[in-house]
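Notes follow once the structure below has been shown.
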Amino acid sequence: MAILLGVDTGGTYTDAVLVQDDAVVLARAKALTTRHDLALGVGSAVRSVLEVSGVSAGAVAMASLSTTLATNALVEGQGGRVALIYVGFRAQDLEAQGLADALAGDPVCVLGGGHGHDGAQVAALDEAGLLAFLETHGGDVSGFAVASQFATRNPAHELRVMEVVRAVTGRPVSASHQLSAKLGGPKRALTAVLNARLIGMIDGLIGRAEDELRRVGIAAPMMVVRGDGALMSSAQARQRPIETILSGPAASIVGARWLTGMDHALVSDIGGTTTDVAVLRDGRPAIDPQGARVGPYRTMVEAVAMRTTGLGGDSEVHFVSEGLRGGVTLGPRRVVPVSLLAVEHPGVVDTLAQQLRSTTPGEHDGRFVRAVPGVATDGLTGRDAALLERIGTQMHPLAAVLRTRMEQGALKRLVARGVVQIAALTPSDASHVLGTLDAWDAEAARLACVLFGRRRTGAGEVLASDPTVLAQMIVDQLTHQTGIALLQAALAEEGLDEALATHVLMQRGLGGHDGLVKLETGLNVPVIGLGASAATYYPAVGARMGTKMVLPEDGGVANAIGAVVGRVTIRRSGTITAPSEGLFRVHQESGPQDFTASDTALAHLEETLTQEASGAARDAGADEIEVQVTRDIRTAQAEAREVFVEATITVEATGRPRVALG
């Protein structure tokens, strides 16, 4: 009998489950996610699930972690300050694939060097320029990303840059060829930048989580869920944190299939920060062929075809002043619910009551700010540092901290860095007012709704004089935006224009328009609703979409379940080109190798990739490894004969994770 521990760190809650032999859920528990140190929430959830189950810590044979940390960090624009070393490209190439936007002002070094399509060196690596750049920026960034032209055909320059950077700075380096075997330099560079930005956050989480497990008494190996739903070792996750983007959502799909046995459905997982929607076909989630998209970024990471929207129980509520009636919209930023803040800071209710006594509504009524302890603050500008110093270690009403409008920009930057948190009105607060949620301070939620409802619409009327009216308005908006996210995912899967989701005819059809024209629209597949708040919000979503909403009993911990019922899967890909007739060039990390026969080249690459994938799977803790090989050979007709053009071989090694049986 093997007892497996699954843990998922979400934006609001950290879930833990114990599963016996991949078949039975023994126990489940929740703890509040501790944003300043996620491992504390992990430890609390694990202790709770062990206490509830009566299982001893020593009986746990394997622990597995899924996390939304990387996903949320990219959606919210958080992460460490990094430097990009861009070899063999032009400076204007930084504008491609959103690379300049992702860098957001972080330093860049454009160096001479790089290789050609055939793997031959185009220009020598400018090591003098590299050393000069490292002298200037080696101490003011948390890590480096390197992308060299055609590095997937010959990674020599990336490997040399990594060697020099580590020798000079000692900082971690993310090389693009180690993250993807595909062409497309700017996109690989973007992936490397995001990986470098996440290394410190994920490394800290995994290290602290492992420490917490040891402190609890669990000595079993720890796995981490990748973005494609497979498992990887914690050591691999620390080196390639970008592969954990969509980790939580991917685990939820694996968990949804395990919980329901359904083969064909939409899966919608609502958390505190995001709503993640995927299509389940033939019992398996599809892998996005273009690479994982998170927020504004399209990466080269293999991950489930998942649509992540900044919409959750803790999404910020915004006032819509346009039009006579006014209204609200939600997200994409997560904030701390006022009702939760009031539990941690009892003075919040008094502050809200004081703001309510003012006859004139304030711009920042119902909004608070506090610093997040333990987050690195290197590289802050003078204005940002001054505002952070003013915030200090206390919680403040936002109006008491912001003295000029120019400081709002500084506040946004501090929030993006994860240095401070904003607390404001959220759907979670609205649920407390409506009585569908009773976890935190309902009075704080009510006062926040009253304050928000005092805003004036275009007609000069108050938005909502009754807090329950405003609360219902917020929940209805969540239903509306969730419906749009589901429709967009379904339309994209059908190859249709996603813009149809918000078209007036689609929206009228959802309401069953029945006049001279009869309109009926909706979803034609069931939806599996997951997440702690799914039971609160999703019945209305199912009714709105005109489809069956399946809410599994353990859907609130589906991510944690998916974390332990998955398999270790490692994929390795390689390419063979034909630079001239009768010459077949195998591109590998050790450098290009030439063969005179295509069959010999194919066999060599397949053997090399099989060894690499199987070895990585064993290192990840897999047993009973199975290997599957896919060959994609492209040829062309030339003078009535078939000519070899290029081949790609992909090897997939998979197995169940090794467990530590007493």
Side-chain angles (χ1 to χ4, degrees), residues 71 75 97-98 184 187 227-229 245-246 249-250 252-253 256-257 260 262-270 274-312 329-332 476-531 534 537-538 540-550:
T71 307
V75 169
Q97 302 294 333
K187 196 171 178 181
D228 61 358
I245 62 173
L246 300 179
S252 75
I253 299 176
R257 174 71 171 81
T260 66
M262 296 177 68
D263 291 328
H264 188 42
L266 283 175
V267 180
S268 185
D269 185 1
I270 181 170
T274 61
T275 291
D276 307 306
V277 181
V279 179
L280 190 62
R281 284 191 184 275
D282 300 322
R284 298 184 64 181
I287 301 300
D288 192 333
Q290 298 183 56
R293 178 188 286 277
V294 182
Y297 306 119
R298 172 70 77 177
T299 72
M300 279 189 166
V301 177
E302 286 190 340
V304 294
M306 174 77 66
R307 302 181 66 88
T308 298
T309 305
L311 175 68
T329 188
L330 308 176
D476 288 347
Q477 182 64 22
L478 188 144
T479 299
H480 172 70
Q481 290 183 219
T482 302
I484 289 174
L486 289 169
L487 286 170
Q488 286 175 334
L491 288 165
E493 183 72 10
E494 298 277 297
L496 299 172
D497 187 353
E498 298 174 25
L500 291 172
T502 55
H503 194 281
V504 63
L505 293 179
M506 176 73 78
Q507 293 300 313
R508 287 289 186 91
L510 290 175
H513 180 85
D514 189 10
L516 294 177
V517 175
K518 184 175 183 179
L519 297 174
E520 291 183 7
T521 56
L523 293 172
N524 199 33
V525 291
V527 177
I528 303 173
L530 304 176
Y537 301 124
Y538 277 8
V541 174
R544 173 74 173 164
M545 294 293 104
T547 191
K548 180 181 180 182
M549 178 64 69
V550 179

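Residue numbers start at 1 and run along the sequence shown. Remember, predicted model here, so these are calculated numbers, not experimental data.
Remark: D514 CG is packed, more than 12 non-hydrogen atoms of other residues, nucleotides or ligands lying under 6.0 Å away. A 6.0 Å sphere centred on CD of E520 holds no more than 12 heavy atoms belonging to other residues, nucleotides or ligands.
Atoms NZ and CE, on K548 and M262 in that order, are 6.0 Å from each other to the nearest 0.5 Å. To the nearest 0.5 angstrom, T482 atom OG1 is 9.5 Å from Q477 atom CD. From L496, atom CG reaches atom CD of Q488 across 13.0 Å, with rounding to the nearest 0.5 Å.
Nearest heavy-atom pair, A492 versus R307, reported as atom, atom and distance to 0.1 Å: CB-NH1, 4.0 Å. When every heavy atom of A256 is checked against every heavy atom of L530, the shortest pair comes out as CB-CD1, 3.8 Å. Across S268 and Y538, no two heavy atoms sit closer than the pair OG-OH, 2.9 Å. For the pair A250 and G227, the tightest heavy-atom approach, listed with the atom from each and the gap, is CB-O, 3.3 Å. Heavy-atom minimum distance, G184 versus M300: O-CE, 3.6 Å.
Looking only at side-chain heavy atoms (C-beta outward), L487 and M506 come within less than 4.5 Å of each other. Side-chain atoms of Y537 and I270, non-hydrogen and from C-beta on, do get closer than 4.5 Å to each other. Between L266 and L523 the shortest side-chain heavy-atom distance falls below 4.5 Å. Inter-residue side-chain proximity for I253 and M306 is flagged as met; some heavy-atom pair is nearer than 4.5 Å. When side chains are defined from C-beta on, R257 does not count as touching I528, because their heavy atoms never get closer than 4.5 Å.
At least one donor-acceptor pair closer than 3.5 Å links the side chain of Q507 to the backbone N or O of A501. E493 places no side-chain N or O within donor-acceptor distance of the main-chain N or O of V279, the cut-off being under 3.5 Å. T521 places a side-chain N or O within donor-acceptor distance of the main-chain N or O of L510, the cut-off being under 3.5 Å.
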Report task. List the steps and the verdict of side chain to side chain contact (heavy atoms under 4.5 Å, CB included) for T502 and I484. Result -> CA-CA 7 Å; T502 55; I484 289 174; 3.7 Å; yes

Start with the C-alpha gap between H264 and R281, add the side-chain angles, then the distance that decides, and say whether side chain to side chain contact (heavy atoms under 4.5 Å, CB included) holds. CA-CA 5 Å; H264 188 42; R281 284 191 184 275; 3.3 Å; yes

**Asked** Given the rule in the side chain to side chain contact (heavy atoms under 4.5 Å, CB included) test, do V525 and T547 qualify, once you have shown the distances and angles that lead to the verdict?
**Response** CA-CA 7 Å; V525 291; T547 191; 5.7 Å; no

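The only option from T275, D276, T329 that meets the side chain to side chain contact (heavy atoms under 4.5 Å, CB included) definition with L311 turns out to be T275.
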